[in-house]
Amino acid sequence: MTDTPDVARTPLIDLLGVTKRFGGVTALRDVSMSIYPGEILCLAGENGSGKSTIIKVISGVYRADEGAVLIDGQPVGAYDPVKSTSAGIEVIYQDFALFPTLSVVENLTLNGFLREGRQLIDRQRARALAADVLARLGVSLPLDAAVETLPTSGKQLVAIARAVLANARLIIMDEPTTALTGLEVERLFRIARDLRAHGIAILFVSHKMREMLEISDRLVVFRNGRKVAEGPIADFDEPAITRAMTGQDLDRGSFDWHGEAGVPRLEMRGVTVPGEIADISLRIMPGEVVGLTGLIGSGRTELALAAFGMRPGHGGQILIDGAPVRLARVQDAIAAGIAYVPEDRLGEGLFLSRSIRDNSIVAAIPRFARSGWLDRRRAAAATRRMFEAMQIAAPSTEVAVGTLSGGNQQRVVIGRWLMTGAKVLILNGPTVGVDVGSKAKIHAIIHRLARDEGLAVLMISDDVPELVANCNRVLMMQQGRLTGELSGDALTEAQVAGAFSRTPLAEAGA
């Protein structure tokens, strides 16, 4: 935990009784909160709790229907993004809002030159400004590289540096660690603390409670559009945060597999993809939930893609229920009973404008087809059964998937593959960007499917508590090879975290 710094008497931002409505829906109800210079304030809450709305009120995107916004103790009146930016408020969203084809230097300095009214860029001055701000942050990036060529952590550093160059007094970070490795998270936290030491306020929005407890000075929790808890981070622990966010105590529990030795549901023998993974051998029994972890770039996703027919040139053997299968394409994997839920559900897993029903049946159309025609009645009935089994919160299966919360979208993706009659379920980052309540529901569904349906589950994650609570074994991966396994009494958070810290991979851009 961090030590709470001394804060100024006058808040940088004061929200007084803010209410925001959208039609008949009240997104924020009588919210009052303050953000002080030189503090890291964490904002927590489930999806739909009002976090995104309050960020947009603070940044001037939304105007409050009731209440007031004060900056430096003064009411701001007609508030908009221009006034917000002029007051030193910068928001770093998950997509970073960068120009992908422009260089690091151009992304860092273009907005500043535009604010100065310049029509031409002083390239020498631009390079000097860029180099200076990166040095202040203690990081190194290739100044002439196109931003699209940088890893996620590099793009995030550009967004932070751009905010600092804009003389930010408050930087709002929305889910900033979603796609970062452990080392990259440590670097981000070091930068946040340095910014705090220079009087810059940080509003840190996250679903990850361990991170909240480590980085925050204070915590504010929203539920159903209301502020339900606030205080120094020392007053909170994980159960207290969960209780405030959900209104109930969630039992994390653990997963115990009681199967017997026999024929594995999934077996890999010496699977190799040149340049990606080498000599991978593993076995997962019916009803097992096995974790796979390692730093980003360790080969864990490449292993999943090989098992899903997306690396057709792989060497070695893959067997389902003891029978070798040839996986030259994705359709071969589906026919063999293998399902894959990608980490990027928005970009790779869903058709956002289509309904839950359409998203659910797309992989299982051959099961509902007769003489080349889709049996819509059977497909609709199967979709309704899946809808209920996956506990998807929506009025009907006709609702567009893009309107659902992250947790409900993830349940649609998992449910879609279960409609194919899958025997093996590969989950890559199963709860990335999902709030604590939905995360618990997804975990419970995975446990039920393993125990009741005999599904073999491979859970790929770098969320250490998630792995320990939901897997009976965890495999460690490094540089394309399996390097160890933890199970039984050895499967603890300390042991898994220790395995991460012992992985000698260099931090890109450090």
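Here the structure is a predicted model, which is why all the values come from computation and not from measurement.
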Could you give the distance from [atom1] ([X]) to [atom2] ([Y]), rounded to the nearest 0.5 Å?
{"X": "Asp122", "Y": "Thr109", "atom1": "CG", "atom2": "OG1", "value": "9.5 Å"}
{"X": "Leu425", "Y": "Trp417", "atom1": "CG", "atom2": "CH2", "value": "10.0 Å"}
{"X": "Leu486", "Y": "Leu491", "atom1": "CG", "atom2": "CG", "value": "6.0 Å"}
{"X": "Ile460", "Y": "Met477", "atom1": "CD1", "atom2": "CE", "value": "8.5 Å"}
{"X": "Ile233", "Y": "Ile241", "atom1": "CD1", "atom2": "CD1", "value": "5.0 Å"}
{"X": "Leu170", "Y": "Ile202", "atom1": "CG", "atom2": "CD1", "value": "7.5 Å"}

Is any side-chain N of the basic residue among [X] and [Y] closer than 4.0 Å to the acidic one's carboxylate O?
{"X": "Arg162", "Y": "Glu90", "value": "no"}
{"X": "Asp132", "Y": "Arg127", "value": "no"}
{"X": "Arg169", "Y": "Asp72", "value": "yes"}
{"X": "Arg218", "Y": "Glu230", "value": "yes"}
{"X": "Arg123", "Y": "Glu106", "value": "yes"}
{"X": "Asp80", "Y": "Arg63", "value": "no"}
{"X": "Arg196", "Y": "Asp217", "value": "yes"}
{"X": "Arg210", "Y": "Glu493", "value": "yes"}

[X]-[Y] side chain donor-acceptor pair, cut-off 3.5 Å:
{"X": "Ser298", "Y": "Gln478", "value": "no"}
{"X": "Glu46", "Y": "Ser438", "value": "no"}
{"X": "Thr301", "Y": "Asn428", "value": "yes"}

Any [X] side-chain heavy atom under 4.5 Å of [Y] side chain:
{"X": "Val147", "Y": "Phe96", "value": "no"}
{"X": "Ile160", "Y": "Met173", "value": "yes"}
{"X": "Arg416", "Y": "Asn359", "value": "yes"}

Please determine whether the number of non-hydrogen atoms from other residues, nucleotides or ligands lying under 6.0 Å from atom NZ of Lys439 exceeds 12.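 Yes.
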Residue Glu398 excluded, over 12 heavy atoms near CD under 6.0 Å: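 Yes, CD of Glu398 has more than 12 neighbouring heavy atoms, counting only those of other groups under 6.0 Å.
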[X] side chain to [Y] backbone, donor-acceptor under 3.5 Å:
{"X": "Thr403", "Y": "Ala400", "answer": "yes"}
{"X": "Ser84", "Y": "Ser59", "answer": "yes"}
{"X": "Thr293", "Y": "Ser461", "answer": "yes"}

The criterion is side-chain hydrogen bond (donor to acceptor under 3.5 Å, both in side chains); which residues satisfy it with Arg223, sequence neighbours excluded?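 Arg223 satisfies side-chain hydrogen bond (donor to acceptor under 3.5 Å, both in side chains) with no residue once adjacent residues are dropped.
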Which residues pass the side-chain contact (heavy atoms from CB on, under 4.5 Å) test with Ser34, not counting sequence neighbours?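 With neighbours one apart ignored, the set is Pro11, Asp14, Tyr36.
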Holding to salt bridge (Lys or Arg N to Asp or Glu O under 4.0 Å), I want the full list of residues that pass it with Arg190, two or more places apart in sequence or in another chain.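 Counting only residues at least two positions away or on another chain, Arg190 forms a salt bridge (Lys or Arg N to Asp or Glu O under 4.0 Å) with Asp194.
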Are the aromatic ring centres of Tyr62 and Phe22 under 6.0 angstrom apart?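 For Tyr62 and Phe22, the ring centres are under 6.0 Å apart.
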